[in-house]
Amino acid sequence: VLTALANLAKYTGRYQEFLEIRRRYNLKWEKADPMKHFEKLLFNPELSLDVMLQRIRQMIQLLPTSMAQIIKFGVLVGLRSSEIIESARLINDKEAFPKYYDASTMTLSHFKFPKQFIRTTKKAFLSFVTPDMLSIVQNLDKVPSRDAITHACQRRHITCDTHFCRKVHATYLHEHNIPVEIIDALQGRTPASIFSKHYYRPSLDYKQKVLDALEELRKQIES
């Protein structure tokens with residue numbers, strides 16, 4: 001739509017006005033490159049699930065305990081790198097935690113903390129987490145920063161692959177027959193299709209299926 005508006009502005013001689021509106025409201029977009037996504041999907045061995053799991057396990061084995069726990073937790077919640085840190089901080093905040101985690105539904109309510117999780121282009125709404133999964137990052141003496149984890153990886157001569165946490169989470173759920181619409185919702189992507197917005201209604205046991213898959217994933221990264 002924005003590309004079409006830019007072309008219309010050029011056609012009607014109002015392109016400078018369009019650019020001013022774009023700057024004023026910080027509008028950004030990019031054109032999709034189908035070949036780029038195709039090559040990533042089929043021809044990049046570095047992005048296979050097995051390779052990513054191996055790299056995650058390496059980080060867990062070599063990093064200090066608190067950082068390893070953050071990485072392990074990040075795989076299970078599927079958040080972005082900075083969001084994983086914010087989530088761990090809220091879990092260890094005695095005042096925020098009762099608002100953040102609903103034990104009855106086993107849900108981390110990211111949406112209740114918009115400053116940390118609801119940004120202009122990147123959002124996180126909720127994550128399903130069992131008490132056992134939650135205990136991975138509970139009672140940490142200090143929640144390490146993202147930069148601290150990066151520097152710790154550099155000192156150990158390993159790549160900081162925290163971005164793999166989110167990729168592994170999505171890929172593993174998909175391979176365990178969790179619908180894409182559910183994965184998108186758990187990773188903060190609002191539905192784009194008419195089907196997802198107006199017609200799709202998941203089965204009532206979808207949360208348990210997600211938790212079962214995540215428990216299997218936990219065993220995978222701990223093996």
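Residues: numbered from 1 along the sequence shown.
- The side-chain heavy atoms of Gln58 and Thr159, taken from C-beta on, include no pair separated by under 4.5 Å.
- Placement of Tyr15 and Leu2 within a single hydrophobic cluster is found when ILVMFWY residues are connected by side-chain heavy-atom separations under 4.5 Å, directly or transitively.
- Outside the 6.0 Å centre-distance limit, the rings of Phe125 and Phe111 are not counted as a close aromatic pair.
- Put simply, CD1 on Ile178 and NE2 on His169 are 9.5 Å apart, with the number rounded to the nearest 0.5 Å.
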In a table with atom names and distances, give each donor-acceptor pair under 3.5 Å that connects a side chain of residues 211-223 to protein atoms at least two apart or in another chain.
| from | atom 1 | to | atom 2 | distance (Å) |
| --- | --- | --- | --- | --- |
| Asp212 | OD1 | Gln208 | NE2 | 2.8 |
| Arg218 | NE | Glu222 | OE2 | 3.1 |
| Arg218 | NH1 | Asp132 | O | 3.4 |
| Glu222 | OE2 | Lys72 | NZ | 3.4 |
| Ser223 | OG | Gln220 | O | 2.7 |

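- With contacts defined as side-chain heavy-atom distances shorter than 4.5 Å, the pair Leu63/Ile70 does not qualify.
- A donor-acceptor pair shorter than 3.5 Å cannot be found between the side chains of His110 and Ser87.
- Annotation: side chain of Lys122 is in contact with side chain of Arg80 (closest heavy-atom distance under 4.5 Å).
- Val1 and Leu19 fall within a single hydrophobic cluster, where Ile, Leu, Val, Met, Phe, Trp and Tyr side chains are chained together by heavy-atom contacts under 4.5 Å.
- Rounded to the nearest 0.5 Å, atoms CD1 (Ile71) and CZ (Arg57) are 14.5 Å apart.
- Side-chain contact between Leu140 and Ile91 is absent, with no heavy atoms from C-beta onward closer than 4.5 Å.
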Next on the checklist: Pair Met52, Asp161 - check side-chain contact (heavy atoms from CB on, under 4.5 Å), show working.
Outcome noted: CA-CA 8 Å; Met52 290 190 292; Asp161 292 318; over 6 Å; no
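- Tyr200 and Ile194 end up in the same hydrophobic cluster when Ile, Leu, Val, Met, Phe, Trp and Tyr side chains are linked at under 4.5 Å.
- Checking side-chain atoms of His176 against main-chain N and O of Tyr172 turns up a donor-acceptor pair under 3.5 Å.
- Here the side chains of Met59 and Phe164 are not in contact, with every heavy-atom distance at 4.5 Å or above.
- Side-chain contact between Cys165 and Ile84 is present, with heavy atoms from C-beta onward closer than 4.5 Å.
- How far CZ of Arg14 is from CD1 of Ile21: 8.5 Å, rounded to the nearest 0.5 Å.
- Of the possible donor and acceptor atoms, one in the side chain of Tyr101 sits under 3.5 Å from a partner among the backbone N and O of Val129.
- The hydrophobic clustering, which links ILVMFWY residues whose side-chain heavy atoms are closer than 4.5 Å, places Tyr199 and Val180 apart.
- Atom OH of Tyr25 and atom CD of Glu20 lie 10.0 Å apart (nearest 0.5 Å).
- When all heavy atoms of Lys142 and Ser66 are compared, the closest pair comes out as O-CB, 4.2 Å.
- Annotation: side chain of Leu76 is in contact with side chain of Ile136 (closest heavy-atom distance under 4.5 Å).
- Side-chain contact between Leu108 and Leu126: absent, with no pair of heavy atoms (C-beta onward) separated by less than 4.5 Å.
- For the atom pair NZ (Lys167) and CZ (Arg55), the distance works out to 11.5 Å, reported to the nearest 0.5 Å.
- Under the 4.5 Å side-chain heavy-atom criterion for ILVMFWY residues, a single connected hydrophobic cluster contains both Phe97 and Val143.
- Taken from CD in Glu86 to OG in Ser81, the straight-line distance is 12.0 Å, to the nearest 0.5 Å.
- The local environment of CG in Asp205 is crowded, with over 12 non-hydrogen atoms from other residues, nucleotides or ligands closer than 6.0 Å.
- Distance alone, capped at 3.5 Å, places no donor-acceptor pair between the Lys209 side chain and the Asn177 backbone.
- Remark: the backbone N or O of Ala88 is paired with a side-chain donor or acceptor of Asn92 at under 3.5 angstrom.
- A salt bridge links Arg119 and Glu83; the closest N-O separation between the charged side-chain nitrogens and carboxylate oxygens is under 4.0 Å.
- Phe117 and Tyr100 have parallel rings, their planes meeting at less than 30° on a 0 to 90° scale where 60° marks the start of perpendicular.
- Residues Lys99 and Phe113 approach most closely at CD-CZ, 3.9 Å, considering heavy atoms.
- Using modelled atom types, no side-chain atom of Arg166 and backbone atom of Leu79 make a donor-acceptor pair closer than 3.5 Å.
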Next on the checklist: Pair Asn26, Thr120 - check side-chain contact (heavy atoms from CB on, under 4.5 Å), show working.
Outcome noted: CA-CA 10 Å; Asn26 195 30; Thr120 304; over 6 Å; no
